[in-house]
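Quick note: numbers below take in every heavy atom, side chains included, and nothing from hydrogens, waters or symmetry partners.
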Amino acid sequence: MTSEKVKKELERLGNPGQAKLLQRFFKTGKGQYGEGDIFLGIKVPVQREVAKKFRTLELNEIRKLLESRIHEHRLVGLLILVEKYTKSDDKKGIADFYLANTKNINNWDLVDLTSHRILGEYLLDKDRSVLYRLAKSEDLWEKRISIIATAAFIRENDFKDTLKISEILLNDSHDLIHKAVGWMLREVGKKDQRAEEKFLDKHAGRMPRTMLRYAIEKFDEKKRKYYMALS
C-alpha cells in the first residue's frame, strides 16, 4: 500500500460541488484560519471507510499524506493513524509521530477527530507536561490539540488537566480556542457539574462570551442567565 493509492482512491470519491461548500465552511480564504486548504468534497464517514481499507499503511507513507495541501489527504492519513494506534504495540511511536507532525494537523476537524484518540489516550497513565507546552504554543492548532486531547481524561472522570489548560487558554484571542475550551468544560459538567461550576465561579467574569456560552449550554435557564450576567 502507498500514499499514492490512497490519493487515487480519494480523487475518485471527490465531489466538486461539495468541495466548494467545504472551502467556504472551513474558512479557506486569504487571511482566514484555513487559508490555502484544498478540498476534494468527501464526507467524513466515507473517509473513515478509506482509512480502514488502508489501515496497514506505513508511517512514512502516512507522512506523505499529512504533507499534502489537500484536506482529505491529511484527514485520511490521521484517521489511518488512529486505526494503527488502536491495534499497535508501539503506541509511543505513534504518539511521537503525531506530535512530530502537528504542523500538518492544521484545521479544527483534523484536531477534533484525532487528538484525544491518540495523544489523549496515550497520556492517560503518563506525564502530561507536553500538553502544557502545546497550550502555551504560538500555534492555534497546537493549542487546540492541548485542550481537545483532554477529552480522553474527562471520559475517565479526570478533570484536573482540562481545568488547568482551560485556565491557561482563558485569555486566548481566537474564537476556535474559545469554542474548544467551552466544549471541554461542558464535557466536564456532564460528568460532574459541580466541578465545572467551581471553575466558572472563579473565572466566568473574564471568560470570552463564546467560551462561556459553550460551557453552560447544558445548564438550566436560571443558571445560564446567572453565569452570563457575570461576563
Side-chain angles (χ1 to χ4, degrees), residues 1-15 18-19 22-23 25-28 32-123 130-131 133-135 137-152 174 176-177 180:
M1 289 188 175
T2 66
S3 58
E4 288 304 313
K5 288 184 178 180
V6 179
K7 290 177 181 180
K8 286 180 182 177
E9 179 84 352
L10 292 172
E11 189 71 33
R12 181 180 67 80
L13 294 166
N15 180 321
Q18 180 73 6
L22 292 171
Q23 295 279 155
F25 182 73
F26 281 93
K27 309 295 185 186
T28 61
Q32 295 181 307
Y33 66 74
E35 180 178 353
D37 214 348
I38 299 169
F39 285 80
L40 297 174
I42 307 170
K43 294 182 178 180
V44 171
V46 177
Q47 293 183 71
R48 289 190 186 279
E49 289 304 312
V50 175
K52 288 176 183 177
K53 181 177 177 180
F54 289 93
R55 60 163 61 98
T56 60
L57 199 68
E58 296 295 333
L59 291 182
N60 64 319
E61 293 296 319
I62 293 174
R63 183 179 290 107
K64 293 175 185 177
L65 293 175
L66 297 184
E67 291 172 348
S68 171
R69 291 184 63 196
I70 294 176
H71 190 94
E72 288 90 343
H73 291 175
R74 302 197 308 282
L75 180 52
V76 167
L78 289 165
L79 292 174
I80 294 170
L81 201 62
V82 170
E83 292 281 335
K84 292 178 78 69
Y85 181 85
T86 303
K87 306 289 185 182
S88 178
D89 293 327
D90 183 20
K91 295 188 184 301
K92 181 180 186 303
I94 293 175
D96 287 346
F97 178 88
Y98 189 89
L99 284 168
N101 286 277
T102 56
K103 68 181 183 297
N104 298 315
I105 307 171
N106 57 355
N107 217 314
W108 58 263
D109 61 326
L110 306 182
V111 173
D112 295 359
L113 291 171
T114 63
S115 60
H116 62 299
R117 298 286 306 279
I118 296 175
L119 191 56
E121 291 282 346
Y122 178 69
L123 295 175
V130 65
L131 295 183
R133 175 179 65 77
L134 294 174
S137 169
E138 294 297 315
D139 182 80
L140 166 64
W141 307 114
E142 289 192 341
K143 287 185 282 190
R144 190 166 174 115
I145 288 169
S146 76
I147 187 66
I148 300 298
T150 70
H174 205 289
L176 287 175
I177 298 301

Sequence neighbours excluded, which residues qualify as side chain to side chain contact (heavy atoms under 4.5 Å, CB included) partners of [X]?
X: Asp96; result: Lys92
X: Ser115; result: Tyr98, Val111, Ile145, Ile148, Ala149
X: Lys84; result: Leu59, Ile62, Ile80, Ile94

Could you grab the distance from atom [atom1] of [X] to atom [atom2] of [Y], nearest 0.5 Å is fine?
X: Trp141; Y: Ile105; atom1: CH2; atom2: CD1; value: 12.0 Å
X: Glu72; Y: Glu11; atom1: CD; atom2: CD; value: 10.0 Å
X: Glu83; Y: Arg48; atom1: CD; atom2: CZ; value: 8.5 Å
X: Glu58; Y: Ser3; atom1: CD; atom2: OG; value: 12.0 Å
X: Arg55; Y: Lys87; atom1: CZ; atom2: NZ; value: 6.5 Å
X: Leu75; Y: Leu79; atom1: CG; atom2: CG; value: 4.0 Å

Shortest non-hydrogen separation from [X] to [Y] and the atoms involved:
X: Ala135; Y: Lys143; result: O-CG, 3.4 Å
X: Leu176; Y: Arg144; result: O-NH1, 2.6 Å
X: Thr150; Y: Ser146; result: CG2-O, 3.5 Å

[X] versus [Y]: any side-chain heavy-atom pair under 4.5 Å?
X: Ile147; Y: Ile177; answer: no
X: Arg69; Y: Asp37; answer: no
X: Lys7; Y: Leu65; answer: yes
X: Asn15; Y: Ile42; answer: no
X: Leu81; Y: Arg117; answer: no
X: Thr114; Y: Leu110; answer: no
X: Asp90; Y: Tyr85; answer: no
X: Leu40; Y: Leu13; answer: no

task: Verify side-chain contact (heavy atoms from CB on, under 4.5 Å) between Phe97 and Leu66, making sure each step is shown before the conclusion.
output: CA-CA 11 Å; Phe97 178 88; Leu66 297 184; 3.9 Å; yes
message: Does Lys52 have more than 12 heavy atoms from other residues, nucleotides or ligands lying within 6.0 Å of its NZ?
response: no
- request: May I ask you to check whether over 12 heavy atoms, not counting those of Gln32, lie within 6.0 Å of atom CD?
  value: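 It does: Gln32 CD has more than 12 such atoms within range.
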- prompt: Please walk me through it: do Gln23 and Ile38 pass side-chain contact (heavy atoms from CB on, under 4.5 Å)?
  reply: CA-CA 7 Å; Gln23 295 279 155; Ile38 299 169; 4.3 Å; yes
- request: Check step by step if side chain to side chain donor-acceptor pair (under 3.5 Å) holds for Glu142 and Thr102.
  value: CA-CA 7 Å; Glu142 289 192 341; Thr102 56; 2.7 Å; yes
- request: Any chance you could lay out the side-chain contact (heavy atoms from CB on, under 4.5 Å) test for Met1 and Glu61, step after step, and finish with the verdict?
  value: CA-CA 9 Å; Met1 289 188 175; Glu61 293 296 319; over 6 Å; no
query: Taking only residues at least two apart or on different chains, which pairs with a member in residues 40-67 satisfy ring-ring contact (aromatic ring centres under 6.0 Å, His included)?
result: none
- prompt: Quick check: does any side chain N or O of Ser137 sit under 3.5 Å from a backbone N or O of Arg133, one acting as donor and the other as acceptor?
  reply: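 Absent.
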- prompt: Taking only residues two or more places apart in sequence, or in another chain, which ones meet Tyr122 in a ring-ring contact (aromatic ring centres under 6.0 Å, His included)?
  reply: none
Which residues share a ring-ring contact (aromatic ring centres under 6.0 Å, His included) with His71, sequence neighbours left out: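 So His71 forms a ring-ring contact (aromatic ring centres under 6.0 Å, His included) with Phe26, Phe39.
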- prompt: Under the side-chain contact (heavy atoms from CB on, under 4.5 Å) criterion, do His116 and Glu121 qualify, and how do the steps go?
  reply: CA-CA 6 Å; His116 62 299; Glu121 291 282 346; over 6 Å; no
- prompt: Does any donor atom in the side chain of Arg74 or Asn107 lie under 3.5 Å from an acceptor atom in the other side chain?
  reply: no
